[in-house]
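Chain letters run A, B, ... following the sequence lines, proteins first, then strands; residues in each count from 1.
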There are 2 protein chains.
Amino acid sequence: MSMKSKSTSELKASIHRVEEICKSNKLGLTEIRKQVFEIIVKNNKPIKAYEILDTISNINNKPSHPPTVYRAIDFLIENGFVHKLNSINSFVGCFHPKAHKECYFLICKKCNIYQECCDDSLKDRISKTAIHNNFVISNTTLEIEGHCLDCSQK
Amino acid sequence: MSMKSKSTSELKASIHRVEEICKSNKLGLTEIRKQVFEIIVKNNKPIKAYEILDTISNINNKPSHPPTVYRAIDFLIENGFVHKLNSINSFVGCFHPKAHKECYFLICKKCNIYQECCDDSLKDRISKTAIHNNFVISNTTLEIEGHCLDCSQK
DNA sequence: CATTGCAATGTTATAACATAACATATATTA
DNA sequence: TAATATATGTTATGTTATAACATTGCAATG
Ligand SMILES: [Zn+2]
Ligand SMILES: [Zn+2]
Ligand SMILES: [Zn+2]
Ligand SMILES: [Zn+2]
């Protein structure tokens, strides 16, 4: 599996999926929340909150403020549509929302492309480590930084 | 293995170990760097940069500034004596510096105690995931948040 | 023993990331 | 419609981290 960016149809499907989930779960996918989600997924790479802020300000031709963006992000994260990458203070779209609670990531330091890598074997291994330490997991941050195939060949 | 805090003798050993490593590797363990390391390891729990700043200002009876603390932290991280927990913007001491490049963590959200959990099986699993994705790892953030045994029983 | 170079620290300012608090608007629903 | 809840606007501020440049102290070189 290479770390290519998403195709237009994948993006559209992803947006549509979020709309459907919101509809069937009676979640208010407001204009702002939808805009923020689209900005994040269409970016292909992890995006920063203030980049989203600039983008949304440009789109709407009027300045938005940090709380607007952070609130939308909070909504999207709470519902599993977006993840925060703590190691780089950035946000990415989830391409399999509701599939599982946690997602793990590969992040290329060179081209900034990222990839979700949520194998079960990894999940199991983390789970076993927790059990071995009598620890009850509530959430996991796994962010693997390095170089993707393309970038390590250059 | 429970998540108890370190004993006084463990702390002393940890500080002594860093001194020895610096001596034999000709690393300048200056007064400030030593102070910051001691503040971090003696804290037992993840500590924030500005808490270190306050502590060091009190100890020396004169105000220190952010760059002073961040520079010391950088030195300590570079040499593997301290880790940053990205999920909580905090710093912890390493109790087996140079043993391996990456450390993984269990962090109790209730009592804030943390535990390094660097099993090889976990490392291998992460390594396999990277290989499977043709990805070359440079550094890994694995932070498992939840509740320790004591806190989940309360 | 200058002088030069370098590593570390001091200092000031500001950048980057995030939230508090309260006002206003918009949508539900009684 | 009135009451309630949900979402957004707005201002200000809190928190985390770094840039940039001055100063110090110490050791290598001539
Ligand atoms: Zn995901
Ligand atoms: Zn790449
Ligand atoms: Zn460690
Ligand atoms: Zn605990």
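- With D/dT16, D/dT8, C/dT11 as the choices, the nucleotide that has an atom nearest any side-chain atom of B/Thr68 turns out to be C/dT11.
- Regarding A/Tyr50, its OH atom lies at a distance of 14 Å from the P atom of D/dT16, rounded to whole Å.
- Side-chain atoms of A/Asn86 and B/Thr141 include no donor-acceptor pair closer than 3.5 Å.
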Do B/Phe75 and B/Thr30 pass the side-chain contact (heavy atoms from CB on, under 4.5 Å) test, and can you show the C-alpha distance, the side-chain angles, and the key distance before you say yes or no? CA-CA 10 Å; B/Phe75 168 87; B/Thr30 61; over 6 Å; no
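- Following rounding to the nearest Å, B/Asp74 (CG) and D/dT16 (P) show an atom-to-atom distance of 16 Å.
- Between A/Tyr70 atom OH and C/dA16 atom P there is a gap of 12 Å when expressed in whole angstrom units.
- Proximity of B/Thr30 to the phosphate of C/dT9: a side-chain N or O atom is located under 4.0 Å from OP1 or OP2.
- Taking the six-membered ring where the residue is Trp, B/Phe105 and B/Tyr114 present tilted rings, their angle falling between 30° and 60°.
- One interatomic measurement links the two molecules: CD1 of A/Ile56 to P of D/dT8, which rounds to 10 Å at whole-angstrom precision.
- Distance CG (B/Leu29) to P (C/dT9): 10 Å, rounded to an integer number of Å.
- Distance NZ (A/Lys48) to P (D/dT16): 16 Å, rounded to an integer number of Å.
- Between the side chains of B/Glu143 and B/Ser87, at least one donor N or O sits under 3.5 Å from an acceptor N or O.
- A residue-by-residue look at B/Phe91 and A/Arg71 shows that A/Arg71 has its nearest nucleotide of DNA chain D further toward the 5' end.
- Rounded to whole Å, atom C1' of C/dA16 lies 12 Å from atom NZ of A/Lys84.
- Considering only side-chain N and O atoms, A/Asn89 lies under 4.0 angstrom from the phosphate OP1 or OP2 of C/dA18.
- Evaluated for a salt bridge (charged side-chain N to carboxylate O under 4.0 Å, His left out) with A/Glu19, the options A/Arg33, A/Lys12, A/Lys34 yield exactly one hit, A/Lys34.
- Comparing A/Ala49 and B/Phe75 along DNA chain C, the residue whose closest nucleotide (by nearest heavy atom) sits nearer the 5' end is B/Phe75.
- Comparing C/dT19, C/dA8, D/dA17 against the side chain of B/Arg33 picks out C/dA8 as the nearest.
- The distance from atom CG of A/Leu53 to atom P of C/dA16 is 13 Å, rounded to the nearest whole Å.
- Taking the side chain of B/Ile32 as heavy atoms from C-beta on, and the options C/dT19, D/dA17, C/dT9, the nearest nucleotide is C/dT9.
- At the heavy-atom level, A/Lys26 lies nowhere under 4.0 Å from the strands shown.
- Here the nucleotide nearest the side chain of A/Pro67, chosen from D/dA17, C/dT19, D/dA19, is C/dT19.
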